[in-house]
Every structure is written in C-alpha cells, then in structure tokens.
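Worksheet for the structure shown next.
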Amino acid sequence: MKESFIFYRSFYEALKELSKEDRVEIIDAICELALNEKEVELKGGIQKAMFALMKPQIEANNKRYANGCKAKQKQKESEPQANQNQSKEKVESKKSENKANNKRTRSKAEAKAKQTASKGEANENVNDNGNVNENEKDKGKALSSADDAGVPVETDSKAEKIPYNGIISYLNHKTGKHFDPSIKATRAKIKARWSEGFRPRDFERVIDVKVAQWLGDEKMDTYLRPDTLFGTKFESYLNENMPKPKTSSGLPDWYSNTQQTPATPEQLEKVLAKQRELAGPRKTEEEKAREAARAADPNWAIENIL
C-alpha cells in the first residue's frame with residue numbers, strides 16, 4: 001500500500017483561487033488517485049478541467065512507484081538464491097580442504113609407523129660377534145624401501161607448488177582465449193581441486209575433453225573458462241569420454257580432387273606414406289599446449305606426475 005505522494009506547488013497555486021468547497025473536492029480527488037489509484041467523478045466543470053491538468057503528472061508518479069516496487073521485489077527474490085550458492089561453494093571448499101588435511105595427517109602417521117618398525121627390525125639383526133655393520137645396511141635398505149613405496153615426506157608436500165600459470169597457459173592455448181592466472185577467483189578454483197589430489201595431467205584431460213565438446217559451439221563455447229571447468233563438476237568432467245573425431249574418406253583433399261576413380265588400399269597407403277614423408281613430423285595441439293604451459297610455469301612437470 002502506498003503511504004505518500006508528491007503534492008506539487010503548481011497544484012497549490014492553481015487551487016487557492018477556488019472556493020474552499022471546490023478546493024477540498026479536488027484535493028480529495030488527487031489523494032484518491034495518488035494513494036489508491038481510484039478516479040473520483042467531480043461535479044463542476046471547473047473542478048473537472050483543473051483535475052484533468054493534474055491527472056497526467058499523478059499517473060506518471062504512480063507508474064514510477066510501481067516500477068520501483070517491482071525492482072525491489074526482484075532484488076529480494078534473487079538475494080537468497082545468491083547467498084545459498086555462495087554458502088554451498090564455501091561448504092564444498094571447506095570439505096575439500098578438510099579431506100586433504102586428513103589425508104596428509106594419515107600419511108604422516110603411516111610414514112612414522114613404518115620408520116619405527118624398520119628401526120626395530122634393524123636392531124634385531126645384530127649378530128653374536130657384536131658386528132653392527134649388517135644392521136646398519138638393513139636399516140638403510142628399509143628406509144630406502146619406504147621411500148620407493150611412495151611414503152609422503154613432510155618437506156616434499158610443503159615444497160610442492162601449484163602451477164597456476166601452467167594450467168591457465170594450457171587452457172589459453174587450447175581455446176585461443178586470454179585468461180589471467182593471477183585472478184583470485186581462478187586460483188581459488190585450481191587450489192580447491194589441487195587440495196583434492198588432482199594434478200596437471202587431470203587438468204589437461206578435463207581441458208582436452210571439454211574443448212573437443214564445446215569449442216566452436218555458439219552456446220557452449222562461453223563455458224570454456226576456469227570458473228566452469230575447475231568447479232565442483234571437475235571430477236565428472238574428468239571421467240567423461242573423449243568425443244570421437246568425425247570420420248571422412250581418409251584421403252587428403254588434394255588427392256580426392258585429382259582422382260576420378262576409387263583408390264585401392266595399396267594405392268591409398270602409398271599416397272598417405274608420401275604425404276607423411278613430405279610433411280615431416282608434426283606436433284599435436286596437446287604437445288604445443290604443453291610447451292606453452294612449461295614456458296609459462298616451471299612447476300608444470302606433467303611427465304613426472306602420474
């Protein structure tokens with residue numbers, strides 16, 4: 001319900017020349033239209049004429065008020081949804097961090113237990129003559145075996161750096177876009193996935209799959225961005241199959257344009273072999289993207305991370 005309205009000075013100047021009875025009648029009509037959007041039927045001709053001049057301004061004010069109410073209502077409706085989405089993202093991120101912390105804690109405890117067990121076994125190997133050389137050798141072998149088995153070492157986990165620049169450089173190279181690896185929101189998405197245990201080869205796989213599916217698609221191309229690719233659906237994207245390339249006759253364009261009769265398998269193999277000889281070794285798009293990632297970030301060591 002409308003609680004107030006604007007009464008212009010021009011209304012007052014026009015009405016003060018009328019009698020009190022006529023003035024009150026017009027003011028009542030103005031209030032009804034401005035507050036309740038109801039039009040009152042006036043009696044006299046002068047009252048009707050004067051009210052007709054004021055009516056457009058009152059109706060324009062009513063329209064502006066209604067539009068303002070609609071905008072406020074939409075804002076109120078959208079705020080809970082936005083807050084819900086933000087809360088959900090924070091909860092997911094917190095769960096990921098807790099999961100990673102628990103994993104690191106378990107790994108440290110397991111490593112310490114194995115080292116303690118190795119020391120106990122080594123002490124039992126001392127021979128009757130008091131020669132402890134073999135004992136020391138066994139101890140060294142036990143520790144070496146623990147390292148070879150992949151027991152995490154605290155210094156290694158702290159020294160490991162997240163290759164933000166390499167990941168974004170790989171994405172930019174595959175999509176032809178120019179995302180900035182220093183953006184806080186982008187780094188937060190990558191860090192959340194990294195804390196869940198995903199590594200460069202996983203990021204490369206997700207980028208390759210979604211580029212094959214979405215690049216060039218008028219509707220989906222816009223979603224080739226860090227916010228979408230590295231969000232909470234990352235694992236789902238990682239497990240999708242790579243789309244099969246569109247098949248063709250297998251003949252190069254220049255060959256099919258010059259041949260009038262179908263080629264036999266032997267002829268086709270000769271043509272393709274000659275084409276490969278002339279073209280020489282070519283780098284795939286994935287190889288080019290990896291080189292760009294390595295150049296942008298020395299921590300992008302895909303070959304050493306399984």
Side-chain angles (χ1 to χ4, degrees), residues 81-108 110 149-152 156-177 179-217 219-245 284-287 289-290 292-294 296-297 299-306:
Q81 183 64 31
N83 293 335
Q84 184 178 359
N85 293 338
Q86 291 178 357
S87 300
K88 185 177 180 180
E89 184 70 19
K90 289 181 180 178
V91 170
E92 292 293 335
S93 178
K94 189 65 177 179
K95 287 182 179 179
S96 300
E97 291 178 0
N98 291 338
K99 183 179 178 181
N101 291 335
N102 292 337
K103 186 176 180 181
R104 285 194 292 269
T105 301
R106 288 196 300 269
S107 298
K108 291 177 183 178
E110 291 173 359
V151 177
D156 289 342
S157 62
K158 288 184 178 180
E160 188 177 29
K161 295 182 180 179
I162 302 176
Y164 298 106
N165 292 343
I167 293 171
I168 296 304
S169 178
Y170 189 88
L171 174 61
N172 288 340
H173 189 90
K174 293 302 293 286
T175 61
K177 300 181 180 182
F179 295 107
D180 187 349
S182 65
I183 299 300
K184 290 184 178 180
T186 297
R187 284 177 169 251
K189 295 286 184 182
I190 296 175
K191 184 178 181 180
R193 304 293 78 80
W194 192 273
S195 66
E196 292 173 350
F198 297 107
R199 289 300 179 264
R201 192 171 296 278
D202 302 317
F203 285 91
E204 177 186 336
R205 167 73 179 178
V206 169
I207 292 170
D208 291 343
V209 169
K210 303 318 287 184
V211 165
Q213 292 176 352
W214 293 348
L215 187 65
D217 186 290
K219 181 179 179 181
M220 302 305 296
D221 188 273
T222 186
Y223 294 108
L224 289 172
R225 58 193 181 195
D227 185 58
T228 301
L229 299 179
F230 308 146
T232 54
K233 293 184 178 180
F234 185 88
E235 186 178 12
S236 175
Y237 294 155
L238 181 62
N239 286 281
E240 291 181 6
N241 293 325
M242 179 70 73
K244 294 182 179 180
T284 64
E285 286 300 317
E286 286 71 18
E287 290 172 334
R290 290 192 192 109
R294 293 191 203 99
D297 196 325
N299 297 313
W300 181 269
I302 285 186
E303 291 80 4
N304 299 324
I305 301 177
L306 298 179

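For the residue pair A289 and K174, the shortest heavy atom distance occurs at CB-CD, 3.7 Å. Nearest heavy-atom pair, A293 versus G166, reported as atom, atom and distance to 0.1 Å: CB-O, 3.3 Å. Residues Q213 and P243 approach most closely at CG-CG, 3.4 Å, considering heavy atoms. Looking at every heavy atom in both residues, M242 comes nearest to A212 through SD-CB, 3.7 Å. Taking both residues in full, the closest heavy atoms of R187 and S182 are given as NE-CA, 3.6 Å, listed atom of the first, atom of the second, then distance.
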Please lay out, stage by stage, how L171 and F179 fare under the test side-chain contact (heavy atoms from CB on, under 4.5 Å). CA-CA 8 Å; L171 174 61; F179 295 107; 3.8 Å; yes
Checking E196 against F234 for the side-chain contact (heavy atoms from CB on, under 4.5 Å) test, could you report, in this order, the C-alpha distance in whole Å, the side-chain angles of both residues, the deciding distance, and whether it holds? CA-CA 11 Å; E196 292 173 350; F234 185 88; 5.8 Å; no
Going through the checks in order, is the side-chain contact (heavy atoms from CB on, under 4.5 Å) test met by R205 and Y237? CA-CA 9 Å; R205 167 73 179 178; Y237 294 155; over 6 Å; no
Go through T228 and W214 one step at a time and tell me if the side-chain contact (heavy atoms from CB on, under 4.5 Å) criterion holds. CA-CA 12 Å; T228 301; W214 293 348; 4.2 Å; yes
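Between K210 and E240 a salt bridge is recorded (basic side-chain N to carboxylate O distance below 4.0 Å). A salt bridge links K177 to D221: one of the charged nitrogens lies within less than 4.0 Å of a carboxylate oxygen.
At least one side-chain heavy atom of P200 sits less than 4.5 Å from a side-chain heavy atom of W194. Counting heavy atoms from C-beta outward, I190 and T186 have side chains that approach closer than 4.5 Å. Contact check for I207 versus E204: no side-chain heavy atoms found under the 4.5 Å cut-off.
Taking CG from D208 and CG from L215, the interatomic distance works out to 11.5 Å, rounded to the nearest 0.5 Å. The OG1 atom of T105 sits 6.0 Å away from the CG atom of N102 when rounded to the nearest 0.5 Å. Interatomic distance, OG of S195 versus CZ of R104, reported as 8.0 Å (0.5 Å rounding).
Cation-pi contact between R193 and F230: absent, since separation from the ring centre below 6.0 Å together with deviation from the ring axis within 45° is not met.
The salt bridge (Lys or Arg N to Asp or Glu O under 4.0 Å) test applied to D217 returns no partner, not counting sequence neighbours. Applying the side chain to side chain contact (heavy atoms under 4.5 Å, CB included) criterion to P181, with sequence neighbours excluded, gives N165, I168.
A ring-centre distance under 6.0 Å is not found for F198 and F203.
Heavy-atom contacts from other residues, nucleotides or ligands closer than 6.0 Å to CD of E235 number 12 or fewer.
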